[in-house]
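What you are looking at is a predicted structure, and each value in this text was computed from that prediction instead of being measured. The analysis underlying the following values was restricted to heavy atoms, covering all of them including side chains, and did not include hydrogens, waters or symmetry mates. Nothing fancy with the numbering, it's 1 onward along the sequence.
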Amino acid sequence: DDGNVSFEAFQVSQQCMEMVAEEALEVGENPGFCYVNDTFTAIQEGKESKSIENNFFLTVVPIRQHSSEMFVSKFPKANRDHDSRQQSHDEMKKQLTKSGTAGWTFVDLLADFNMLIYLCKFLDMEPDMIKICSSIVDRDIPLEEGYKLIIASMVGLDSSY
């Protein structure tokens, strides 16, 4: 072990999705295995099998690095021990005070996944977060002034947002 962190993304195989659609696979008592319905036969490593380890159905998915013109990622992550910053109203204020500078709008700065998750602790999913996210995804839908006021007052911003 060289101390470097790596990660891989996985998804279930097409074969698994087809078997689930045909109801050939069932959930059983062991969460690490799928069980084959009695009306089907599964051949694994050349012999009939009544259970199949879940890992058999996993395929590696390539991870592409990308940057987004629509979303930002400046707000602290919730579960990062190595980051000295913690999610807080102060961190929200720090990010949202950039509104009106360097081309940033209030909605641009709200378009941060971790900030939106943090906001879910204080605002209702329906209708609040749905309306906020709609304005982020479709910039032709303006963010209602009421939401700007609520969020700005939560973090102690004056009316210059």
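- Among residues at least two apart or in separate chains, salt bridge (Lys or Arg N to Asp or Glu O under 4.0 Å) pairs with a member in residues 105-122 are Asp108-Arg139.
- Cluster membership for Met125 and Leu143, using ILVMFWY side-chain heavy atoms within less than 4.5 angstrom, is shared.
- With hydrogens and angles disregarded, no donor-acceptor distance shorter than 3.5 Å links the side chain of Glu48 to the backbone of Thr41.
- The same ILVMFWY cluster, assembled from side-chain heavy atoms under 4.5 Å apart, contains both Phe71 and Trp104.
- Residue pairs meeting the side-chain hydrogen bond (donor to acceptor under 3.5 Å, both in side chains) criterion with at least one partner in residues 18-27, sequence neighbours excluded, are Glu26-Asn37.
- The environment of Lys77 atom NZ is dense: over 12 non-hydrogen atoms of other residues, nucleotides or ligands sit within 6.0 angstrom.
- By the side-chain hydrogen bond (donor to acceptor under 3.5 Å, both in side chains) test, Ser153 pairs with no residue at all, sequence neighbours left out.
- The ring-ring contact (aromatic ring centres under 6.0 Å, His included) test applied to Tyr147 returns no partner, not counting sequence neighbours.
- The other members of the hydrophobic cluster of Phe10, by chain and number, are Val12, Met17, Leu58, Val60 (side-chain heavy atoms under 4.5 Å, ILVMFWY only).
- The hydrophobic cluster containing Val20 also includes Met19, Leu25, Val36, Phe40, Ile52, Phe56, Phe57, under a criterion of side-chain heavy atoms closer than 4.5 Å among ILVMFWY residues, counted directly or through chains of members.
- In this view, Lys93 satisfies the side-chain hydrogen bond (donor to acceptor under 3.5 Å, both in side chains) rule with no residue, not counting sequence neighbours.
- With sequence neighbours excluded, no residue forms a side-chain contact (heavy atoms from CB on, under 4.5 Å) with Val137.
- Annotation: ring-ring contact (aromatic ring centres under 6.0 Å, His included) contacts involving residues 113-134, sequence neighbours excluded, comprise Phe75-Tyr118, His89-Tyr118, His89-Phe122, Tyr118-Phe122.
- Remark: Lys94 pairs with Glu91 by the side-chain hydrogen bond (donor to acceptor under 3.5 Å, both in side chains) rule, at least two apart or across chains.
- In this structure, Tyr35 belongs to a hydrophobic cluster whose other members, linked by side-chain heavy atoms under 4.5 Å apart, are Phe33.
- Counting only residues at least two apart or on different chains, the salt bridge (Lys or Arg N to Asp or Glu O under 4.0 Å) pairs with a member in residues 122-132 are Lys131-Glu144.
- By the 4.5 Å heavy-atom criterion applied to side chains, Leu110 and Thr105 are not counted as neighbours.
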